[in-house]
Asker: 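Have a look at this one before I ask anything.
Numbers restart at 1 for each chain; the letters A, B, ... are given by sequence-line order, proteins then strands.
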2 protein chains.
Amino acid sequence: MASLSDVIEAGGRRFRTATEYVAATLKQAILAGALPPGTPLRQEDLAGRFEVSRMPIREALRQLEAQGLVDFEPHRGAIVVEISLADALDNFAIRGGLEAQALRHSLPNLTAADLDRADEIIAEIDREDDVSRMGELNRRFHMTLYAAAGLPRLLALTEQHLVAADRYLRFHLATDGDMGQVDHRAMIAACRAGDKAAALAALDRHLSTARDGLAGFFGSRSA
Amino acid sequence: MASLSDVIEAGGRRFRTATEYVAATLKQAILAGALPPGTPLRQEDLAGRFEVSRMPIREALRQLEAQGLVDFEPHRGAIVVEISLADALDNFAIRGGLEAQALRHSLPNLTAADLDRADEIIAEIDREDDVSRMGELNRRFHMTLYAAAGLPRLLALTEQHLVAADRYLRFHLATDGDMGQVDHRAMIAACRAGDKAAALAALDRHLSTARDGLAGFFGSRSA
DNA sequence: TGAATGTCGATTGGATCCAATCTAACAATC
DNA sequence: GATTGTTAGATTGGATCCAATCGACATTCA
């Protein structure tokens, strides 16, 4: 039988405003690749599809602009931002900075239960085939290790850029075929040992190898 | 006599849309403290003051929400976000991560001219008394050292959080009375020497001392 | 022929209007 | 006396309408 909190939780998933609904759906569509880079986002067209007026569309596009997912130009409208190697490197640099800080602040507060959950997620990744689900799991793994940092803004920003990285995941998997599970396990081991330097080194390796793999992919593609 | 480009430049300072104008002005007002934390931002009221309709106000508030300057709650409206020690610590952690990355990527590309300009800004800071101008100069100093990183997203995010830090500057100066000029100079010296580790260490000291000073201020205030 | 200008359709930015939601104060009930 | 229901006012969310801007194509003039 469903408890009261279950019902509240389920109800809470619904969107409170049309703007929220549009923003969340568009974001999902862009990250999943349903709206390829360069796609112009015509307000009137979107209003028709979502069955709302143009105003919530506009407000949603503003939010996506702030998150770096669409480009906005006065009187010309919004387009889905292009993806490129430069963009990916930018994303990696940002994540490198943010995730290192998150890990630094979180590590001393991590409990055994946290690390056990991280282990479970790693096992799930091993069993998973679907690309978009793997992105979700990867994100949850990382955020599980950072959650104890107790710095909400830092964590929100970190998660935001982890989500943005999903756009590059398909390219990354096309080359390596794996998710850097070795580094994932090394990070957990270092956290269990309370070895901050080792944990940061593993994180750095994790991001560096992913970055280099992606750079190689883009390099061969342009050649 | 003014050249054509001068005229265009002056005209370019004007805002292309009402939304841009409102967003920029509100942001300035919040960071300068003209709109204290907790102030409710009534859309109708703002529309009257800016002499525009409520729509550009709403879009501007959305942008400020994305930048973490105002809190938005459905049907209840927007308020200027509270400042607190927790918030300041969050900001320092984010800046620590981002600025370290920016410096890492920028340092190898810094020219002597860049460092000379940084020196000039330091001298200007020494001569300056006005608090808000000092914030501006401090920001320009840091960004001058990071500009060669060639990662536009990282730089934009870094600057955004440097701007946000202006809100705490007055508290900081109230305790220390100085701007961490020693560390500023150490950063330049390390950059000139091409010593990445020393530069990063100086940056870390810079942020740590500022953070501890602020924590002390908040601690004594609450006690 | 080629560059500058004018016109037209498409699209966005902004204003106004109406509906939905929240807050607060007061009345009613247990 | 405390909780609940009700109602009025304020405020926001969303729809519709109008004006300003941009791009492309046709036109004109050197």
Asker: Enumerate the residues from residues 55-71 of chain A whose closest heavy atom to DNA chain D is under 4.0 Å, giving them by residue number; use none for an empty result.
Answerer: A:Met55, A:Pro56
Asker: Tell me, which of residues 39-52 of chain A have any heavy atom that sits under 4.0 Å from an atom in DNA chain D?
Answerer: A:Val52
Asker: Are B:Phe50 and B:Tyr21 an aromatic pair, judged by ring center distance below 6.0 Å?
Answerer: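 Close enough - the centres of the two rings lie under 6.0 Å apart.
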Asker: Reading DNA chain D from 5' onward, which residue's closest nucleotide shows up sooner: A:Arg76 or A:Ala18?
Answerer: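 Result: A:Ala18.
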Asker: How would you list all residue pairs meeting side chain to side chain donor-acceptor pair (under 3.5 Å) that involve residues 143-156 of chain A, not counting sequence neighbours?
Answerer: A:Glu99-A:Tyr146, A:His142-A:Tyr146, A:Arg153-B:Asp87
Asker: Is the shortest distance from a Lys or Arg side-chain nitrogen in A:Glu159 or A:Arg139 to a carboxylate oxygen in the other one below 4.0 Å?
Answerer: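 Between A:Arg139 and A:Glu159 there is no salt bridge, as every charged N stays at least 4.0 Å from the carboxylate O atoms.
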Asker: Quick one: is A:Thr19 getting a side-chain N or O under 4.0 Å of the D:dG13 phosphate, OP1 or OP2?
Answerer: no
Asker: Please report the distance, rounded to the nearest Å, between CD1 in A:Ile79 and P in C:dT11.
Answerer: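 Between P of C:dT11 and CD1 of A:Ile79: 15 Å.
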Asker: Detail all sub-3.5 Å separations between protein N/O atoms and N/O atoms belonging to nucleotides 19-21 of chain D.
Answerer:
none

Asker: Is the backbone of B:Ala60 close enough, under 3.5 Å, to the side chain of B:Thr19 for a donor and an acceptor to pair up by distance?
Answerer: no
Asker: Go through the structure and list residues passing salt bridge (charged side-chain N to carboxylate O under 4.0 Å, His left out) with B:Asp119, not counting sequence neighbours.
Answerer: B:Arg192
Asker: Run the side-chain donor-acceptor check on residues 33-44 of chain A: report pairs under 3.5 Å with partners two or more places apart or on a different chain.
Answerer:
{"unit_1": "A:Thr39", "atom_1": "OG1", "unit_2": "A:Pro36", "atom_2": "O", "d": "2.5"}
{"unit_1": "A:Gln43", "atom_1": "OE1", "unit_2": "A:Arg54", "atom_2": "NE", "d": "3.2"}
{"unit_1": "A:Gln43", "atom_1": "OE1", "unit_2": "A:Arg54", "atom_2": "NH2", "d": "3.4"}

Asker: Pick out which of A:Val80, A:Leu26, A:Val81, A:Asp71 makes a side-chain contact (heavy atoms from CB on, under 4.5 Å) with A:Leu64.
Answerer: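 Exactly one option meets the side-chain contact (heavy atoms from CB on, under 4.5 Å) with A:Leu64, and it is A:Leu26.
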Asker: Between A:Glu136 and A:Arg133, is there a side-chain N and carboxylate O pair less than 4.0 Å apart?
Answerer: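 So A:Glu136 does not pair with A:Arg133 through a salt bridge.
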Asker: With a 4.0 Å cutoff (strictly under), does any side-chain N or O of A:Ser53 reach OP1 or OP2 of D:dG14?
Answerer: no
Asker: How long is the straight-line distance from OG of B:Ser106 back to CG of B:Leu151, given to the nearest 0.5 Å?
Answerer: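 OG of B:Ser106 is found 9.5 Å from CG of B:Leu151.
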Asker: Determine whether a donor-acceptor pair (N or O, by modelled atom type, separation under 3.5 Å) exists between the side chain of A:Gln67 and the backbone of A:Leu69.
Answerer: no
Asker: Whole angstroms only, please: what is the CD-P distance between A:Glu73 and C:dG13?
Answerer: 11 Å
Asker: Is the shortest heavy-atom distance from the side chain of B:Arg16 to the side chain of A:His75 under 4.5 Å?
Answerer: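 Of all side-chain heavy-atom pairs linking A:His75 with B:Arg16, none is under 4.5 Å.
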Asker: Expressed in angstrom and rounded to an integer, what is the separation of A:Arg54 atom CZ from C:dG14 atom C1'?
Answerer: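 Spelled out: CZ on A:Arg54 to C1' on C:dG14 is 10 Å.
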